[in-house]
Protein chains: 2
Amino acid sequence: MTVSRVLRNRGDVSAATREKVLTAAKTLGYVPNKIAGGLASQRVNLVAVVIPSLSNLVFPDVLGGISAELDDTGLQPVIGVTNYSPAREEMVLYEMLSWRPSGVILAGVEHSKASRAMLANAGIPVIEIMDIDGEAIDTLVGISHIRAGREMAARIVEAGYRRIGFVGTHMPEDHRARKRLVGFEEGLAEAGLQLEAREYYQGGSSLLKGRELTERILTRAPDLDFLYYSNDMIGAGGLLYCLEAGYEIPNRIGLAGFNGVDLLDGLPVRLTTTDARRVEIGRRAARLVAGKDAMPPDRLIALAPTFIPGDTIRAPAGSARN
Amino acid sequence: MTVSRVLRNRGDVSAATREKVLTAAKTLGYVPNKIAGGLASQRVNLVAVVIPSLSNLVFPDVLGGISAELDDTGLQPVIGVTNYSPAREEMVLYEMLSWRPSGVILAGVEHSKASRAMLANAGIPVIEIMDIDGEAIDTLVGISHIRAGREMAARIVEAGYRRIGFVGTHMPEDHRARKRLVGFEEGLAEAGLQLEAREYYQGGSSLLKGRELTERILTRAPDLDFLYYSNDMIGAGGLLYCLEAGYEIPNRIGLAGFNGVDLLDGLPVRLTTTDARRVEIGRRAARLVAGKDAMPPDRLIALAPTFIPGDTIRAPAGSARN
DNA sequence: TGTAAGTTAGTTATCACTAACAAGAGGAAC
DNA sequence: GTTCCTCTTGTTAGTGATAACTAACTTACA
């Protein structure tokens, strides 16, 4: 018992015995058994973090925000990856909840019925992140992707572009990309426009795919004057293609992506995009789980997607804006 | 007890009671408590995976390999991130070992004395990955970065370049980058050459940094005819700079990076690099931990770093090779 | 000197499971 | 009908820590 007190810094132990315990622990190489500890105390310092993918560039940023805020709380993130599969998400959640974490942070608002039930019954904070267009299980932290799409449409229209194409994933499970497109089309519709062409692809995003799809869509619809990409990676690929093909950017054609990944900062031309506030989302979610921030009364923390002009969109018509 | 048997698929239970248990569990939303289970059985289906960074592009690939192989084993990876800090690594390991995982996979061979002691005493498989230039705690799976650097030097010399510069991180804790440089200089020395210039940077790698450093080194030493970068990301930045600055590649100047990240595949010109065999390393490590492969008798699985010619190095002198 | 209060260390029961063994039911063999 | 076996289910005793309480020892002050 005294050992337990020393190693947890809880309760009063004389300096002498504390020292003895500590040296004994060190010489024996003793590592306390958190399994037993967790069972006895019914408290576990783990936070389950469930995301669709690690190779996406986007999620490492979120994780960075989470672990930065968790760092001084004694809580530890445990990462689970679903590969965008609801069935896998369900398995991962079951597995994680069986360790009785003290909170769950998971991406997206679309979950299987069983997953929702599990989470609702777990009796711990459940923070759904990235996306706020949907019904919360407990609390949402993120941006509206519908709004992000809509705002980008407004900017594009405002800048005078009229013949607009879209290039994006055809992943039925990438709900956020889908919502951006919905919002984008709504935004265009408000200006009396509609998409002139679309090009979809399967699988992961890469510069190469962005190139290929851009070539394809511009071959099919050569008079397009703007391309909206579902993320920065394929947008950057498209940008490289257009530069090489000699398109005058942003006058002959404009381009925009989504995410605001700073990895691509050194490209010859800065791609117009929307910052998805990834790090901030991670931070806020972690603060809630850690109890640093109070739960918002309306179960929602909505951040604003931030437009980043870059160099691939014209200044708005009739403005002197850079 | 019967419930336990049903949910673990262990021992004989009649189909009827199995069914009853299952439906009861489902209606109650019962999630077994792995904490208690682990304590009782002294077995835990977790594998600790400790890596320096998630934003590095490199480690997600390794994790992909690990989780692919662990997928059908019932084992679950638990990821810990050290930010290249030995002190943090020690903390993360302590934390993870206190959950009594059934194996540990960790990047690199450089660890604090305390970390090594903990791992050696844990009584579980410990696989150090990525780097094999060092002393194993238990088993190593990776490539020799010294060799990778040396081989790249040989290729560059063979292609006829003579005035060679290096651009890389100045992170004392990035041992693998350091070893590549050591090997590279050894390789040059064998040909009677030495580095004409070096440019170091701090912090993460990005295209932008690659650009800036390349400009700087070429300003300082304009007659360089080859640049070796410590990774593909800054190499790609350098490539973009050189293209814009109008250098004729690969004749006026050649470039090479390291890693073989396919993210950059769509660049205008393919960067010469070395494939670090990341996915394979993850797979092999996971297979060892899962017991799919027997532990190698010499405690070492050495993979060969693979030269990827790309477009930024000349064909070897006197060869008709592409 | 005695007693209350404050410190420090130790006891006991509990956490939710599983290993190992025990026991009951049913059937087959003799 | 008894014995033996198989199949299924139940019992008991840990598992290694912590919560909550108890005991011993000090100190302070009347």
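We name chains A, B, ... by the order of the sequence lines, and we start the count at 1 in each one. Heavy atoms only: backbone and side chains are in, while hydrogens, waters and symmetry mates are out.
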Item to check | Validation row: B/L39, B/K34 side chains within 4.5 angstrom (heavy atoms) | outcome: no
Next on the checklist: A/R176: which residues meet the side chain to side chain donor-acceptor pair (under 3.5 Å) condition with it, sequence neighbours left out?
Outcome noted: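 Result, side chain to side chain donor-acceptor pair (under 3.5 Å) vs A/R176: none returned.
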Checklist entry - When you measure from the side chain of A/M1, which nucleotide among D/dT15, C/dT11, D/dT9 comes out closest? => result C/dT11
Report each atom pair, protein N/O against N/O of nucleotides 21-28 of chain C, whose distance is under 3.5 angstrom.
none

Item to check | Those residues that, when tested against A/R277, pass side chain to side chain donor-acceptor pair (under 3.5 Å) (two or more places apart) | outcome: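 Partners of A/R277 by the side chain to side chain donor-acceptor pair (under 3.5 Å) criterion come out as none, since no residue qualifies.
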Checklist entry - Is any side-chain N or O of A/T2 closer than 4.0 Å to OP1 or OP2 of C/dG10? => result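 So the side-chain polar atoms of A/T2 do come within 4.0 Å of the phosphate oxygens OP1 or OP2 of C/dG10, strictly under.
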Sort me out a list of protein N/O and nucleotides 22-28 of chain D N/O pairs below 3.5 Å, or just none if empty.
none

Checklist entry - Taking DNA chain C as the partner, which of residues 11-18 of chain A come within under 4.0 angstrom of it by heavy atom? => result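 Contacts with DNA chain C under 4.0 Å: A/D12, A/V13, A/S14, A/T17.
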Item to check | Partners meeting salt bridge (Lys or Arg N to Asp or Glu O under 4.0 Å) with B/D72 (sequence neighbours left out) | outcome: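 Residues passing salt bridge (Lys or Arg N to Asp or Glu O under 4.0 Å) with B/D72: B/K292.
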Next on the checklist: Does C/dA16 have its OP1 or OP2 closer than 4.0 Å to a side-chain nitrogen or oxygen of A/R100?
Outcome noted: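 Negative; the distance criterion is not met.
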Next on the checklist: A/N33: which residues meet the side chain to side chain donor-acceptor pair (under 3.5 Å) condition with it, sequence neighbours left out?
Outcome noted: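 With sequence neighbours excluded, A/N33 shows a side chain to side chain donor-acceptor pair (under 3.5 Å) to no residue whatsoever.
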Checklist entry - With B/D12, which residues qualify under salt bridge (Lys or Arg N to Asp or Glu O under 4.0 Å), at least two apart? => result none
Next on the checklist: For DNA chain D, which residues of residues 23-37 of chain B approach it to below 4.0 angstrom with any heavy atom?
Outcome noted: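 Heavy-atom cutoff 4.0 Å gives no residues at all.
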Checklist entry - Taking for each residue the nucleotide of DNA chain D bearing the nearest heavy atom, is the 5' side occupied by B/Q42 or by A/R10? => result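 Closest to the 5' end, via its nearest nucleotide, is B/Q42.
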Checklist entry - Could you give the CH2-to-P distance, from B/W99 to D/dA17, as a whole number of Å? => result 12 Å
Item to check | Which residues share a side-chain contact (heavy atoms from CB on, under 4.5 Å) with B/V78, sequence neighbours left out | outcome: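 Once residues adjacent in sequence are excluded, the partners of B/V78 under the side-chain contact (heavy atoms from CB on, under 4.5 Å) criterion are A/V78, B/L46, B/M96.
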Next on the checklist: Is there a side-chain contact between A/I132 and A/V109 in this structure, where contact means two heavy atoms from C-beta onward sitting under 4.5 Å apart?
Outcome noted: no
Next on the checklist: Is any side-chain heavy atom of B/I301 closer than 4.5 Å to one of B/L140?
Outcome noted: no
Checklist outcome for this item: note: A/L39, atom CG; D/dA17, atom P; distance rounded to Å ~ 12 Å
Checklist outcome for this item: Contacts of A/R287 meeting salt bridge (Lys or Arg N to Asp or Glu O under 4.0 Å) (sequence neighbours excluded), chain-then-number -> A/E69, A/D293
Item to check | Among A/V141, A/L63, A/I66, A/I281, side chain to side chain contact (heavy atoms under 4.5 Å, CB included) partner for A/I105 | outcome: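 When A/V141, A/L63, A/I66, A/I281 are each tested with A/I105, the side chain to side chain contact (heavy atoms under 4.5 Å, CB included) holds only for A/I66.
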Checklist entry - Taking all atoms of both residues into account, what is the closest heavy-atom pair of A/P125 and A/D138, and its distance? => result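 Closest approach of A/P125 to A/D138, heavy atoms only: CA-OD2, 3.5 Å.
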Checklist entry - Which residues satisfy the salt bridge (Lys or Arg N to Asp or Glu O under 4.0 Å) test with B/K179, sequence neighbours excluded? => result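 B/K179 satisfies salt bridge (Lys or Arg N to Asp or Glu O under 4.0 Å) with B/E110, B/D131 once adjacent residues are dropped.
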